[in-house]
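Because the structure is predicted, anything quoted here is derived from the model rather than measured. In what follows, residues are counted from 1 in the order of the sequence shown.
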Amino acid sequence: MATFSIGDVEKITGIKAHILRYWESVIPGFAPRKDIGGRRAYTDRDLDLILRLKYLICQKKFTIEGARSQLIAEMSHYDAHAATLTEIRRLRSELTALYLLVRKHRAGGEL
């Protein structure tokens with residue numbers, strides 16, 4: 001399972017680090033693991049949650065409280081669509097890995 005730093009997540013999602021840290025305090029179930037040094041390690045699941053929050057808040061114009069309620073309601077229906085959501089998560093993970101690889105290559109890094 002891939003993990004991402006807060007900087008990587010900021011680049012991928014366009015959400016600033018201070019907002020990500022705030023969301024940790026107000027969204028139930030959103031708490032990225034921290035490594036020994038205290039740095040956040042975001043998983044694919046965390047990335048999915050961030051992108052969903054971004055959509056609800058930026059596109060659908062939900063308040064943070066409304067987005068939190070919407071996420072809780074959606075999670076209660078997760079079981080009915082688990083296979084589809086798992087496949088979407090897998091594909092998004094592959095696309096994210098490719099995106100980071102392209103960014104690294106464009107910055108002059110080795111493949």
Side-chain angles (χ1 to χ4, degrees):
M1 179 187 303
T3 59
F4 308 94
S5 70
I6 197 166
D8 289 338
V9 172
E10 189 174 357
K11 289 174 190 170
I12 292 167
T13 65
I15 302 295
K16 300 287 184 191
H18 69 277
I19 295 172
L20 293 169
R21 289 188 294 270
Y22 170 69
W23 284 356
E24 286 178 39
S25 67
V26 296
I27 302 298
F30 178 53
R33 290 178 294 147
K34 293 185 181 178
D35 65 13
I36 294 172
R39 292 177 297 271
R40 288 163 175 81
Y42 293 87
T43 64
D44 292 329
R45 182 192 174 282
D46 295 327
L47 215 54
D48 290 343
L49 186 58
I50 292 164
L51 291 170
R52 184 65 181 151
L53 278 167
K54 179 181 179 182
Y55 172 76
L56 291 172
I57 293 168
C58 297
Q59 301 295 318
K60 293 298 217 171
K61 306 298 183 197
F62 278 65
T63 63
I64 190 71
E65 294 82 12
R68 178 178 51 217
S69 297
Q70 179 67 26
L71 286 173
I72 291 168
E74 289 173 1
M75 286 180 195
S76 68
H77 297 291
Y78 176 82
D79 290 339
H81 304 286
T84 302
L85 294 172
T86 300
E87 182 63 14
I88 289 170
R89 188 170 286 129
R90 186 189 67 74
L91 291 169
R92 183 177 290 145
S93 176
E94 287 181 24
L95 290 172
T96 301
L98 288 171
Y99 170 77
L100 292 173
L101 187 64
V102 168
R103 283 188 60 93
K104 182 179 178 182
H105 178 69
R106 285 187 179 166
E110 293 294 319
L111 288 178

Quick one: salt bridge (Lys or Arg N to Asp or Glu O under 4.0 Å) partners of R103, sequence neighbours excluded?
-> none
Is it possible for you to say whether L100 and I50 belong to one hydrophobic cluster, with membership spreading through side-chain heavy-atom contacts below 4.5 Å?
-> yes
What residues form a side chain to side chain donor-acceptor pair (under 3.5 Å) with R68, not counting sequence neighbours?
-> none
For T13, does its backbone N or O pair with a side-chain atom of K54 as donor and acceptor, under 3.5 Å?
-> yes
Could I get the full list of side-chain contact (heavy atoms from CB on, under 4.5 Å) partners for Q70, not counting sequence neighbours?
-> R52, L56, F62, E74
Listed by chain and number, what are the side chain to side chain donor-acceptor pair (under 3.5 Å) partners of R92, not counting sequence neighbours?
-> D48
Can you find a heavy atom in the side chain of W23 that is under 4.5 Å from one in the side chain of I57?
-> yes
Pairwise side-chain contact, R39 with K34, heavy-atom cut-off 4.5 Å (strictly under) = no
Would you check if L71 and F30 make a side-chain contact, meaning some heavy-atom pair closer than 4.5 Å?
-> no
Shared hydrophobic cluster for V102 and L95 (ILVMFWY, side-chain gaps under 4.5 Å) | no
Heavy atoms of other groups near Y99 OH, more than 12 under 6.0 Å = yes
So do D8 and S5 actually touch side chain to side chain, heavy atoms under 4.5 Å?
-> yes
Given side chains that start at C-beta, do those of T43 and R33 come closer than 4.5 Å, heavy atoms only?
-> yes
Tell me, do F4 and D46 make a side-chain contact under 4.5 Å, heavy atoms counted?
-> no
Smallest heavy-atom separation, A41 atom then P32 atom, equals O-CB, 3.9 Å
With E65, which residues qualify under salt bridge (Lys or Arg N to Asp or Glu O under 4.0 Å), at least two apart?
-> none
Who pairs with T96 by side chain to side chain donor-acceptor pair (under 3.5 Å), at least two apart in sequence or on another chain?
-> none
Please examine the side chains of I15 and L53, heavy atoms only from C-beta on, and report whether any two atoms are closer than 4.5 Å.
-> no
Under-4.0 Å salt bridge between R21 and E24 | no
In one Ile/Leu/Val/Met/Phe/Trp/Tyr side-chain cluster, 4.5 Å: I72, V26 | no
Do T3 and D35 touch side chain to side chain, with heavy atoms closer than 4.5 Å?
-> no
Linking I/L/V/M/F/W/Y whenever their side-chain heavy atoms sit closer than 4.5 Å, directly or via other members, would Y42 and L51 fall into one cluster?
-> no
